[in-house]
J.: 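I'd like to ask some things about the structure below.
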Amino acid sequence: IGVVSGTHRYSGIDAEMTIVIIGKGGRSEPKVLKRPEVGDHKGPHIEVFYINTNEDLEELGAVELFNSGEGLYANWELLKVVVDKVMEGGLVSSSYWQRWVFPAYGWIPHGRSRLFFTGTAFLPSQTPWWLEDQRALALERNRQIYRWNFPEGLPACAKASRMDDLPKDDHLPGWHEKSFKVATASHIVRKGLSLLLGEQRKWTDLDVESKNPGAIFNELYSLDTASADDDMPADSKAKRSRSTGLGSMSEEPAIDIAERLLKPVTAKKDGGCYWEDDVHFGRMLMQGCHPCFLKVCHELPPEFQYAIPLSASMLRHGFSFQDEVEAGRMFVCDYSALKSFLPDPQSGTHGCAPVCYMYLADDPKRLRSNAVHCFLPVAIKLEPDNPEAPIFTPPESADDNIWDWHTAKACVLNADAQYHMIVAYWLKTFACMEPFVLSMHRNLSTMHPIYKLLRPYFRYSLAYNAMARESLTSKGGMFEALFSLGDQSLNLAIAEYQNWKFEDFGLPSSLESRGLTGEEHLPDYPYREDGLLIWAAVVDYVRDYVNLYYHADQDVKQDKELQNWYNDSFKTGHHRLVEEKKLTPEPMISRDLLTKTLVYLIWNSSAQNTILTRGCYDEYGFPAIRPTMLSEAPPKKKNTMTMESFCKMLPSRGDTVSICSFMSWRSERTPLAEPMLGAQMEEHLMEPDALDAYDRFQEALQTVQRVLVSRNDRRPIHYKWMLPTNLTNGVAH
């Protein structure tokens, strides 16, 4: 018997471990495998034991291990058990020798027993008769452990308000960051920025080259932390009372300057992507960290037609903006629904609910960028429902107030930040996904082929969701402290959830709902062009895999575990929408529907989650372009903004540190991340046909990788987040 313990600190034990082997011929007598020894190893730790028995258990199907619970390191992380049947004395005979592998990838708590099945996948109807009871008992145990909770107005979730409330199998292994708050606070310390945490003064200078006190590039990205307090009045040093959502910080240790935050892409002048640039603003909406809000404009209101300057250098010759609307070259980002959730101005935090119109302009002489087309903002109204509110447009001459325009663009991206982090990121890729993850644990046996397919993509989802409930959406959490909507953030999520459809998880349906199927004239929309290649590869893989186990639609209908998982996900997990007839899931009666469902879940857990996360710091890392909160009210008139008033509108220095550090941490790749291209699946898939399907998937991704690398070589700015080598299999990045 080969026992492989976990790879993380304290994943071994110094307690006794007892094993029972279950086979067609019955159960073995309990055998003690493990004697006390130190558990503080970093594994994987492999031990081999020999058991002499006269019992012939015939074909093996499961092992049951009991942890005596004695000793300092009493919990045990088990990766797998390998059982070889050999002749007396350990001799190996080719005619007699047999091997069974029992994947575990879980913890055995002290004083508890766990049952682990063979790695062979079985549909419920194919389960060997002598394992049927064990399979049912294991699922019943999971239903006792993985329990539902029903927050008001939102999808159901696991009954866990923090990660430690979950079974240890679902913890983030080896992490000291058990919440987003702790992770962000640790990141601040590592980057040497804790002296700025809680600082309420505002930035006074946005110049990239400035070394003046109060210059953001001076204090946030480059100089020693000691300079942060050099120009601080004595009374200001005590004014660090506003909540940052992070809690208190201990005294900061000395940190090398090189560990400070890197200058984000938006703060650099090279490559034409300086934060003031309209071309870069357009790129962020089309290929930034939130590329899934942009829509085709089907009608341009008259007030905008008259307000937009008809610049000959922008419009195609002989075309009006209405002509360009009909030609599919006008686009819109409409955030007016935020109006119902804007904060009370007396709170000291401000926001707006703008609408922004974008135009695809020809640029054959490459005057604006190094491409023949550029995607430009042409009109912004910060109060769409107010007929007296001004419409901001790009400056036409050097005499125009450039800070009006910078302010309008920053307000648009402030609104976009609310939708990006609260709706697209948390609600749709975390909260709306959790019912499918929790239901998988409750209804699909670890022997089920669909469990084995989804497990790598759902891994750590429950932990991240619990951390989000504790740190992001809770009272006094990071959404409330660091975003414009403050304590209304959750209400926005609740309102948006009322309109959620399962099809929102699908890339093609998302593109179709926004009119971006390719009939418009965007020459390069990487989220679509690159994403559809990844989507096609996932579809082919899932279809091949499903067809291995379900030979006809009838097999899908008769799979009780699958039906329970699917129905429980919707009717329990999204019960409010189902009961109110806002969500009507199709009956799971065909292989095609099963394939589509699985593709939606895999896409949302992997590619979509990566896209919304990994590029965050490039944009949020410089608050002048994408501030998550506004400290002053947006302008209500033109020609009122200056650099000084613009800086006063931005988050304070302390809030900037918290925001930038959170986004920097979320953008980094952690050791837990499994790349979509190159991940090993042998721990999940053991049948040769299933591994062959996965190998074909990997080959398809390698082809996509080559195509996308070639595309990026022709792009002004590389869109790297859709590269298969950058995509991760689940929410861990």
Side-chain angles (χ1 to χ4, degrees), residues 278 281-282 284-285 290 293-295 297-309 321 325 330-359 376-396 400-423 483-489 491-493 495-496 623-651:
D278 285 357
F281 178 90
M284 283 194 294
L285 293 177
H290 187 211
F293 196 82
L294 182 72
K295 295 181 180 180
C297 175
H298 296 293
E299 183 178 1
L300 187 65
E303 62 174 334
F304 284 92
Q305 294 184 40
Y306 299 128
I308 298 173
F321 272 110
V325 168
M330 289 292 296
F331 303 83
V332 63
C333 289
D334 186 351
Y335 307 96
S336 56
L338 289 177
K339 181 181 179 181
S340 302
F341 309 100
L342 294 180
D344 182 347
Q346 300 302 317
S347 69
T349 302
H350 301 267
C352 61
V355 61
C356 173
Y357 287 93
M358 307 291 297
Y359 174 57
L376 300 170
V378 292
I380 296 170
K381 191 173 184 181
L382 302 182
E383 298 177 88
D385 296 336
N386 181 359
E388 303 299 323
I391 295 176
F392 295 93
T393 57
E396 294 186 82
D400 291 342
N401 188 339
I402 188 65
W403 289 102
D404 277 0
W405 186 233
H406 290 335
T407 301
K409 291 189 295 181
C411 287
V412 167
L413 290 177
N414 166 260
D416 191 73
Q418 316 306 306
Y419 272 103
H420 171 216
M421 295 303 298
I422 298 169
V423 178
F483 284 75
S484 279
L485 299 192
D487 59 7
Q488 291 296 308
S489 298
N491 289 334
L492 171 65
E496 289 292 321
I625 194 165
R626 190 184 271 272
T628 63
M629 61 193 301
L630 303 178
S631 299
E632 301 284 345
K636 295 184 179 296
K637 296 180 180 180
K638 288 187 176 182
N639 300 314
T640 60
M641 296 301 296
T642 63
M643 187 186 76
E644 289 73 22
S645 59
F646 181 80
C647 288
K648 287 181 180 179
M649 190 184 72
L650 298 178

J.: At their closest point, which heavy atom of P395 faces which heavy atom of I402, and how far apart are they?
T.: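 Reported closest heavy-atom pair: CG-CD1, 3.5 Å.
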
J.: Taking the side chain as C-beta and beyond, is there a heavy-atom pair between M629 and F483 under 4.5 Å?
T.: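 They are not in contact (no side-chain heavy atoms under 4.5 Å apart), so the answer is no.
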
J.: Testing the basics here: between T640 and D404, what is the closest heavy-atom pair and its distance to 0.1 Å?
T.: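 Minimum heavy-atom contact is N-OD1, 3.5 Å.
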
J.: Minimum heavy-atom separation for L650 and P623, please, with both atom names.
T.: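 What the structure gives for the nearest pair is CD2-O, 3.5 Å.
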
J.: With a 4.5 Å heavy-atom cut-off, do F331 and L285 have their side chains touching?
T.: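 Not in contact.
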
J.: What heavy-atom pair brings P634 and C352 nearest, and what distance separates the two atoms?
T.: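 Heavy atoms only, the tightest pair is CG-CB, 3.9 Å.
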
J.: What's the spacing between C356 SG and L382 CG if we round to 0.5 Å?
T.: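 Going from the SG atom of C356 to the CG atom of L382 covers 10.0 Å.
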
J.: Could you check whether any side-chain heavy atom of P394 comes within less than 4.5 Å of a side-chain heavy atom of D278, counting everything from C-beta outward?
T.: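 Counting from C-beta outward, P394 and D278 do come under 4.5 Å.
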
J.: Give the intermediate values and the outcome of side-chain contact (heavy atoms from CB on, under 4.5 Å) for residues M284 and D416.
T.: CA-CA 10 Å; M284 283 194 294; D416 191 73; over 6 Å; no

J.: Is there a donor-acceptor contact under 3.5 Å from the side chain of Q418 to the main chain of T628?
T.: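 Flag set: sc Q418 to bb T628 pair under 3.5 Å.
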
J.: Please find the pair of heavy atoms, one from T407 and one from P635, that lie closest to each other, and give the distance.
T.: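 For T407 and P635, the tightest heavy-atom pair comes out as CG2-CD, 3.5 Å.
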
J.: Nearest 0.5 angstrom please: M330 CE to L300 CG, how far?
T.: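 Output value for this atom pair is 5.0 Å.
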
J.: Looking at every heavy atom in both N414 and P627, which two are closest together, and how far apart are they?
T.: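 Result for this residue pair: ND2-O, 3.0 Å.
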
J.: Could you state the interatomic distance from SG (C297) to CZ (F304), rounded to the nearest 0.5 Å?
T.: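 Reported to 0.5 Å precision, the distance equals 9.5 Å.
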
J.: For F293 and Y335, take the angle between the two ring planes, folded into 0 to 90°, and tell me which bin it lands in: parallel under 30, tilted 30 to 60, perpendicular over 60.
T.: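 Rings of F293 and Y335: parallel, under 30°.
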
J.: Does K409 use its side chain to pair, donor to acceptor, with the backbone of I380 at less than 3.5 Å?
T.: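 Checking the backbone N and O of I380 against the side chain of K409, no donor-acceptor pair under 3.5 Å is found.
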
J.: Do P387 and E303 come within less than 4.5 Å of each other through their side chains, counting heavy atoms only?
T.: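 Answer no - side chains too far apart.
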
J.: Between C411 and M649, does a side-chain contact (heavy atoms from CB on, under 4.5 Å) hold up when you go through it step by step?
T.: CA-CA 10 Å; C411 287; M649 190 184 72; 4.3 Å; yes

J.: Would you find a donor on one side and an acceptor on the other, under 3.5 Å apart, between the side chain of S484 and the backbone of H350?
T.: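 Present.
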
J.: Atom CD of Q488 and atom CG of D344: how far apart are they, to the nearest 0.5 Å?
T.: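 Answer rounded to 0.5 Å: 10.0 Å.
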
J.: Looking at N401 and M641, would you say the former's side chain and the latter's main chain have a donor-acceptor pair under 3.5 Å?
T.: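 Flag set: sc N401 to bb M641 pair under 3.5 Å.
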
J.: Is it true that, when you exclude K295 itself, more than 12 heavy atoms of the residues, nucleotides or ligands shown sit nearer than 6.0 Å to its NZ?
T.: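 No, NZ of K295 has 12 or fewer neighbouring heavy atoms, counting only those of other groups under 6.0 Å.
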
J.: State whether the side chain of D334 and the backbone N or O of V355 hold a donor-acceptor pair below 3.5 Å, judged by distance alone.
T.: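 Flag not set: sc D334 to bb V355 has no pair under 3.5 Å.
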
J.: Just how far is it from atom NZ of K636 to atom CD of E388, taken to the nearest 0.5 Å?
T.: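 It is 12.0 Å, given to the nearest 0.5 Å.
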
J.: Measure the CG-CG distance between L492 and L342 for me, rounded to the nearest 0.5 Å.
T.: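 Going from the CG atom of L492 to the CG atom of L342 covers 10.0 Å.
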
J.: Between F281 and L413, is there a side-chain heavy-atom distance shorter than 4.5 Å?
T.: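 Heavy-atom side-chain distance check passes, below 4.5 Å.
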
